[in-house]
Each structure stands twice: as structure tokens, then as C-alpha cells.
A.B. asks: 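Handing you a structure now.
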Amino acid sequence: VRLPPAGAWCTPWEITFFEGKQPLITVKDILVGEVWLAGGQSNMQMPLKGFPGCCVENGLDEAIAAHRMDGVRMFNVPMKQEMEPQEWCGGRWMNTSCFTDVMEFSATAWFFASQLRNALHVPVGIVNIAYGGTRVEGWLPREILETYPDVSLDPKEMEKLTDYHRPMLTYNAMFVPAHHYTVKGIIWYQGCSNVGAHAQYADRLATMVGHWRKELDLGEIPFYMVEIAPYRYNDQTNATAGALLREAQQEAARIIPRSGLVSTNDLVDEFEQFNIHPRKKSAVGHRLCYMALNKTYGYPNVCCEGPHFSKWQAKGNEAWISCDRLDMGICRNYDIRGFEVAGEDRVFYPADKVWLHWQTNEVVVSSEKVAAPVAVRYGFRDFLPGTLIGGNQLPAFPFRTDRWEE
């Protein structure tokens with residue numbers, strides 16, 4: 001049923017369906033407002049109550065206090081997989097009146113929605129289709145996947161895979177039933193399961209977004225994604241598989257129209273280096289909200305992106321680094337960590353001296369072990385959190401100036 005647009009309002013509505021003059025059913029407790037689709041893998045799925053062995057910072061306190069936040073609702077599409085596209089799914093809309101319901105809300109999506117509700121003063125709903133561990137190939141249809149030589153849709157071959165690594169099945173069971181719903185945009189947190197397959201990730205994610213937009217039939221709606229957080233994918237401290245996937249996410253943000261990427265490089269602590277589900281979900285949701293406010297709702301004064309590497313030059317034993325998207329400049333000039341420098345031998349050493357040339361907002365980096373820098377990296381390892389921030393405390397995006405690994 002398509003209804004004419006109505007003004008957003010936090011007072012619940014009722015809709016009665018008639019056959020002729022005979023009322024058939026009345027649907028109650030309806031809010032009119034902004035609805036966003038939330039997708040991805042476990043870091044979007046992760047509820048406010050947390051996972052076993054992985055907590056959400058202040059998650060239970062947030063759930064208990066949520067009754068004060070009228071006008072936020074969430075629909076969790078059940079985690080299922082199907083070989084054929086499905087038109088229906090179970091599930092129900094949950095509100096904030098019962099804290100045990102709120103405990104099941106996606107933490108990232110909750111912090112996004114509640115912040116957006118406060119900023120816009122309108123109801124915000126989330127349709128959550130996240131499924132832990134899924135690869136981007138799990139969210140694509142058969143006709144696209146059949147063009148990928150490294151993907152098999154043979155049921156016997158798929159059965160051998162871990163359930164969340166199977167292509168197509170979550171698309172059929174979770175996206176297809178939701179695709180007729182009217183949404184304002186999409187928030188997306190996924191990528192860890194594609195680590196090691198970074199070369200094709202940006203193109204496949206862009207293909208997914210294009211296909212989803214076509215199926216939703218709502219035009220080029222916004223697509224805002226979250227950078228995968230620092231994590232040790234193996235025991236090697238210098239490994240870069242995760243960094244290469246983050247680089248692919250930045251490329252995806254460049255090639256997908258009306259998209260954006262928020263960084264999480266600063267949202268992990270040292271003890272979380274082997275925790276794929278870092279606990280600081282409030283900042284992730286809030287950063288997605290800043291992006292929506294800036295790029296979707298017309299508040300350009302809301303800073304929504306941290307510094308992006310622009311260019312660099314060597315001056316003696318120093319590397320001078322320039323960034324763009326500096327809405328509020330560089331907002332840290334002391335204890336800047338996360339930089340590495342390499343010379344002709346291509347061996348990277350941690351920068352032992354980093355300072356901000358505040359007159360030009362250039363970061364100056366050097367190492368006693370590198371007499372003449374030929375390459376600089378920032379946060380470009382599986383686990384190397386950095387401390388360089390721009391406006392609104394938003395972190396600089398990891399980068400490298402070399403192309404020694406592909």
C-alpha cells in the first residue's frame with residue numbers, strides 16, 4: 001500500500017483498512033518519520049547487550065534509559081539464508097518501552113537513530129538486516145554472482161562453506177523481503193570477512209549498492225559505511241591485510257555516488273587487538289549520524305569526516321604531510337602516534353618525532369633510523385590505532401604513500 005506523504009510526528013497514528021465500507025483491520029501505534037536500512041555483518045548486528053566475550057560500552061545502561069527516547073523503533077529481520085528470493089520474513093517492530101527489547105537493538109544503529117532523533121526532532125526507524133560474518137558476496141543476487149569466476153553457486157559447494165561465507169543466501173532471505181519498504185538511506189558496517197580479498201572489494205561493494213538502489217526504486221539514496229576497526233588478523237605485528245581492505249573501503253567511497261565512510265581507527269584499545277567486536281559503538285553510530293546530518297539533511301556546518309591524506313614531500317630527514325577535508329583544521333598538536341617512515345630499503349620504522357606545523361596544518365614526521373624518507377604510512381597495519389584528529393574529534397583516515405603491496 002502506498003500512502004501520500006505525511007508530516008513526521010511522534011504521536012502514534014492508526015490506519016484502518018476497509019473493503020467497501022466494511023473495516024477489515026486497524027493497525028495501531030504507527031509513527032511517521034525517517035527510516036534507514038542497516039546492513040552488514042556482526043559489528044552492525046551486535047546488540048546493546050553485547051555478545052558473549054564482547055561487551056558494548058554502557059550498552060545496558062543505554063537500554064535501561066531508552067524509555068525516555070520516544071520515537072525510535074527497530075525491526076530486526078530474522079537471520080536466515082535461502083536459496084531462492086523470499087517475499088516475507090518474520091520479526092516485529094520494537095519500541096523503547098521495554099528495555100529487554102532495546103537490549104536486542106543493533107548498538108551501532110541505535111546510537112545512530114537516537115542521535116538523529118534528537119537532532120531532527122522526528123521519529124527514526126531502523127530496518128536491521130545485518131548477519132554476522134557475511135561477505136559482500138552474500139548480499140548479491142544470482143545473476144551478478146554468476147559473472148564472478150571465484151564464486152560457486154553449486155549447492156554442494158556452498159554447503160562446504162561456513163554458513164556466513166555462503167554467497168547470495170542472505171540477500172535472498174533478508175534483503176529481498178525488506179526491499180519494498182521506503183527508506184531514506186542505508187548505513188553499512190561490513191568488510192572483515194573480505195579481508196584477504198581486497199582487490200575486488202570496492203567494485204563488488206559498488207555493484208551491490210547499485211543493485212540495491214535499483215531494487216529499492218527510491219533513486220540514488222545515501223549509502224554511508226563504517227571502516228573496519230583495527231584488529232590483529234594474525235600474530236604478525238607488521239601485517240597489512242586489514243589495512244588493504246580499509247584502503248578498498250576508501251576506494252569504494254570514491255566510486256559510489258552519494259556515499260561516505262566514517263573512520264574507526266581511534267575507537268579501539270590495546271587490549272582489543274584480538275577482539276573483532278570493539279566495544280565503543282556509540283561513537284560509530286554518532287559519526288554515521290554526523291554524516292547523515294551533513295550530507296543528507298542539509299547541515300553543512302556539522303563536521304562529518306576526519307583528515308584525508310592529500311600529498312607529501314621530503315625535506316631532508318623529514319616528511320611533510322598535507323591533508324584535505326580539514327573543516328576545523330588539525331585538532332591535535334602533541335602526542336601524535338600512528339606514523340611510520342621508510343627509506344630506500346623499504347623498511348618502515350615508527351616515527352619518533354611528529355609535530356604539527358600549525359601555520360599550514362602540515363604534519364611533520366621523522367625517524368632517527370631513516371635519513372631520507374621515500375614513503376610514509378599512517379595506521380597502515382592490521383592493528384595500529386592513531387591519534388591524529390580533525391574537527392569534531394574525528395580521526396584521520398589510514399593511508400600510505402607507497403604501492404609496495406597490492
A.B. asks: Verify the neighbour count for atom CD of Glu368: are there more than 12 heavy atoms of other residues, nucleotides or ligands below 6.0 Å?
C.D. replies: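 Counting other residues, nucleotides and ligands, CD of Glu368 stays at 12 neighbours or fewer.
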A.B. asks: Salt-bridge test for Arg92 and Asp101: reply yes if a basic N is under 4.0 Å from a carboxylate O, no otherwise.
C.D. replies: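 Looking at Arg92 and Asp101, the cut-off is met.
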A.B. asks: Step through the shown structure and confirm whether more than 12 heavy atoms of other residues, nucleotides or ligands are within 6.0 Å of CD on Gln86.
C.D. replies: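 Counting neighbours around CD of Gln86, more than 12 heavy atoms of other residues, nucleotides or ligands fall under 6.0 Å, so yes.
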A.B. asks: Can the ring centroids of Trp36 and Trp188 be said to lie less than 6.0 angstrom from one another?
C.D. replies: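 Not under 6.0 Å, so no.
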A.B. asks: Check whether any side-chain N or O of Arg332 sits under 3.5 Å from a backbone N or O of Tyr334 as a donor-acceptor pair, and report yes or no.
C.D. replies: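 Yes: the side chain of Arg332 pairs with the backbone of Tyr334.
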A.B. asks: Go through the steps for Tyr349 and Phe339 under the test side-chain contact (heavy atoms from CB on, under 4.5 Å), then give the verdict.
C.D. replies: CA-CA 9 Å; Tyr349 297 96; Phe339 281 96; over 6 Å; no
A.B. asks: Just so I know, are the side chains of Arg73 and Asp29 near enough to count as touching, which here means a heavy-atom distance under 4.5 Å?
C.D. replies: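 SC-SC contact between Arg73 and Asp29 confirmed.
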A.B. asks: I need the single residue from Val347, Val370, Asp352 that forms a side chain to side chain contact (heavy atoms under 4.5 Å, CB included) with Val341. Which is it?
C.D. replies: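 Among Val347, Val370, Asp352, the one meeting side chain to side chain contact (heavy atoms under 4.5 Å, CB included) with Val341 is Val370.
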A.B. asks: Just distance, no hydrogens or angles: give the donor-acceptor pairs under 3.5 Å from side chains in residues 382-393, sequence neighbours left out.
C.D. replies:
from: Asp382; atom 1: OD1; to: Ala241; atom 2: N; distance (Å): 2.9
from: Asp382; atom 1: OD1; to: Gly242; atom 2: N; distance (Å): 2.6
from: Thr387; atom 1: OG1; to: Asp335; atom 2: O; distance (Å): 2.9
from: Thr387; atom 1: OG1; to: Arg337; atom 2: N; distance (Å): 2.7
from: Asn392; atom 1: ND2; to: Cys303; atom 2: O; distance (Å): 3.2

A.B. asks: Any chance you could lay out the side-chain contact (heavy atoms from CB on, under 4.5 Å) test for Thr296 and Lys184, step after step, and finish with the verdict?
C.D. replies: CA-CA 9 Å; Thr296 301; Lys184 185 72 171 182; 3.8 Å; yes
A.B. asks: Run through Phe380, Phe399, Tyr378, Phe397 and flag the one making a ring pair (Phe, Tyr, Trp, His ring centres under 6.0 Å) with Phe309.
C.D. replies: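 Filter result, single survivor: Phe399.
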A.B. asks: Tell me if the aromatic rings of Phe348 and Trp404 count as close, with their centers under 6.0 Å from one another.
C.D. replies: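 So the answer is yes for these two rings.
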A.B. asks: Without hydrogens or angle criteria, can the side chains of Glu405 and Thr240 be said to hold a donor-acceptor pair below 3.5 Å?
C.D. replies: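 There is such a pair (donor and acceptor under 3.5 Å, judged by atom type) between the side chains of Glu405 and Thr240.
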A.B. asks: Identify which one of Arg377, Arg400, Arg381 satisfies the salt bridge (Lys or Arg N to Asp or Glu O under 4.0 Å) criterion when paired with Glu340.
C.D. replies: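 Testing Glu340 for a salt bridge (Lys or Arg N to Asp or Glu O under 4.0 Å) against Arg377, Arg400, Arg381 leaves exactly one candidate, Arg381.
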A.B. asks: Output yes when a side-chain donor or acceptor of Ser106 lies under 3.5 Å from a complementary backbone atom of Ala109, and no otherwise.
C.D. replies: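 Yes, the answer is positive, given that a donor and an acceptor are paired below the 3.5 Å cut-off.
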A.B. asks: Using a 3.5 Å distance criterion without hydrogens, assess whether the side chain of Thr162 forms a donor-acceptor pair with backbone atoms of Tyr164.
C.D. replies: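 Side chain of Thr162 to backbone of Tyr164, a donor-acceptor pair under 3.5 Å: no, none is there.
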A.B. asks: Answer yes when Arg232 and Glu272 have at least one side-chain N-carboxylate O distance shorter than 4.0 Å, and no when they do not.
C.D. replies: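 Salt bridge absent between Arg232 and Glu272.
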A.B. asks: Taking Gln41 for its side chain and Ala130 for its backbone only, find out whether a donor-acceptor pair lies under 3.5 Å.
C.D. replies: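 No, the answer is negative, given that no donor and acceptor are paired below the 3.5 Å cut-off.
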A.B. asks: Is the ring pair His277/Phe51 parallel, tilted or perpendicular, if the boundaries are 30 and 60 degrees?
C.D. replies: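 Perpendicular, since the angle between the ring planes exceeds 60°.
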A.B. asks: Does any N or O in the side chain of Gln81 come within less than 3.5 Å of the main-chain N or O of Asp163, such that one atom is a donor and the other an acceptor?
C.D. replies: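 Side chain of Gln81 to backbone of Asp163, a donor-acceptor pair under 3.5 Å: yes, one is there.
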A.B. asks: Under 3.5 Å, is there a donor-acceptor pair between the side chain of Asn43 and the main chain of Ile276?
C.D. replies: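 A pair under 3.5 Å: yes.
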A.B. asks: Any heavy-atom pair between the side chains of Phe175 and Thr170 that's under 4.5 Å?
C.D. replies: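 Result no, sub-4.5 Å side-chain heavy-atom pair not found.
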A.B. asks: Could you verify whether a donor N or O on one side chain and an acceptor N or O on the other, from His357 and Thr360, lie under 3.5 Å apart?
C.D. replies: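 A donor-acceptor contact under 3.5 Å links the two side chains.
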A.B. asks: Would you call Pro307 and Arg325 a side-chain contact if the rule is heavy atoms closer than 4.5 Å?
C.D. replies: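 Counting from C-beta outward, Pro307 and Arg325 never come under 4.5 Å.
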A.B. asks: Can you tell whether the side chains of Asp70 and Arg117 come within less than 4.0 Å, N to carboxylate O?
C.D. replies: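 A salt bridge links Asp70 with Arg117.
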A.B. asks: Salt bridge check: are Lys315 and Glu318 linked by an N-O gap of less than 4.0 Å?
C.D. replies: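 No, Lys315 and Glu318 are not salt-bridged.
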A.B. asks: Is it the case that the side chain of Glu251 and the backbone of Arg246 share a donor-acceptor pair, with hydrogens and angles ignored and the cut-off at 3.5 Å?
C.D. replies: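 No: the side chain of Glu251 does not pair with the backbone of Arg246.
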A.B. asks: Between Thr26 and Thr16, does any side-chain donor sit less than 3.5 Å from a side-chain acceptor?
C.D. replies: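 The criterion, which ignores hydrogens and geometry beyond distance, is satisfied for Thr16 and Thr26.
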A.B. asks: Hey, are the side chains of His211 and Glu143 touching, using non-hydrogen atoms and a 4.5 Å cut-off?
C.D. replies: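 A side-chain contact under 4.5 Å exists here.
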A.B. asks: Would you check if the side chain of Gln190 reaches a backbone N or O of Thr134 as a donor-acceptor pair within less than 3.5 Å?
C.D. replies: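 Flag set: sc Gln190 to bb Thr134 pair under 3.5 Å.
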A.B. asks: Is any side-chain heavy atom of Gln250 closer than 4.5 Å to a side-chain heavy atom of Leu261?
C.D. replies: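 Of all side-chain heavy-atom pairs linking Leu261 with Gln250, at least one is under 4.5 Å.
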A.B. asks: Does a donor on one side chain and an acceptor on the other come within less than 3.5 Å for Asn76 and Gln45?
C.D. replies: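 Asn76 vs Gln45: no donor-acceptor pair found between side chains.
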A.B. asks: With a 4.0 Å cut-off on N to O distance, would you call Glu305 and Lys295 a salt bridge?
C.D. replies: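 Salt bridge present between Glu305 and Lys295.
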A.B. asks: Using distance alone, with no hydrogens and no angle criterion, decide if Ser97 and His67 have a side-chain donor and acceptor under 3.5 Å apart.
C.D. replies: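 No, because no side-chain N or O of Ser97 sits under 3.5 Å from a partner of the opposite role on His67.
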A.B. asks: For the side chain of Glu62 and the backbone of Leu48, is there at least one donor-acceptor N/O pair under 3.5 Å apart?
C.D. replies: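 No: the side chain of Glu62 does not pair with the backbone of Leu48.
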A.B. asks: Considering residues, nucleotides and ligands other than Leu24, do more than 12 of their heavy atoms fall under 6.0 Å from its CG?
C.D. replies: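 Result for CG/Leu24: enclosed.
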A.B. asks: Before accepting this row, confirm whether a basic side-chain N of the pair Asp269/Arg279 lies closer than 4.0 Å to the acidic partner's carboxylate O.
C.D. replies: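 Yes.
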A.B. asks: Could you check His179 against Tyr171 for ring-ring contact (aromatic ring centres under 6.0 Å, His included), going step by step and ending with a plain yes or no?
C.D. replies: CA-CA 10 Å; His179 87 272; Tyr171 168 85; 8.3 Å; no
A.B. asks: Side chains of Ser263 and Glu227: donor-acceptor distance under 3.5 Å anywhere?
C.D. replies: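 Per modelled atom types, Ser263 and Glu227 side chains form a pair under 3.5 Å.
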A.B. asks: So do the side chains of Lys281 and Met46 get within less than 4.5 Å of each other, counting heavy atoms only?
C.D. replies: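 The answer is yes, as the side chains (C-beta and beyond) meet within the 4.5 Å cut-off.
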A.B. asks: According to the ring-ring contact (aromatic ring centres under 6.0 Å, His included) rule, which pairs have a member within residues 232-253, sequence neighbours left out?
C.D. replies: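 Residue pairs with at least one partner in residues 232-253: Tyr231-Tyr233.
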A.B. asks: Taking the side chain as every heavy atom from C-beta outward, state whether Leu31 and Pro12 have any pair of such atoms under 4.5 Å apart.
C.D. replies: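 Of all side-chain heavy-atom pairs linking Pro12 with Leu31, at least one is under 4.5 Å.
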A.B. asks: Mind checking whether Thr401 and Trp312 have side chains closer than 4.5 Å, heavy atoms only?
C.D. replies: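 Side-chain contact under 4.5 Å: yes.
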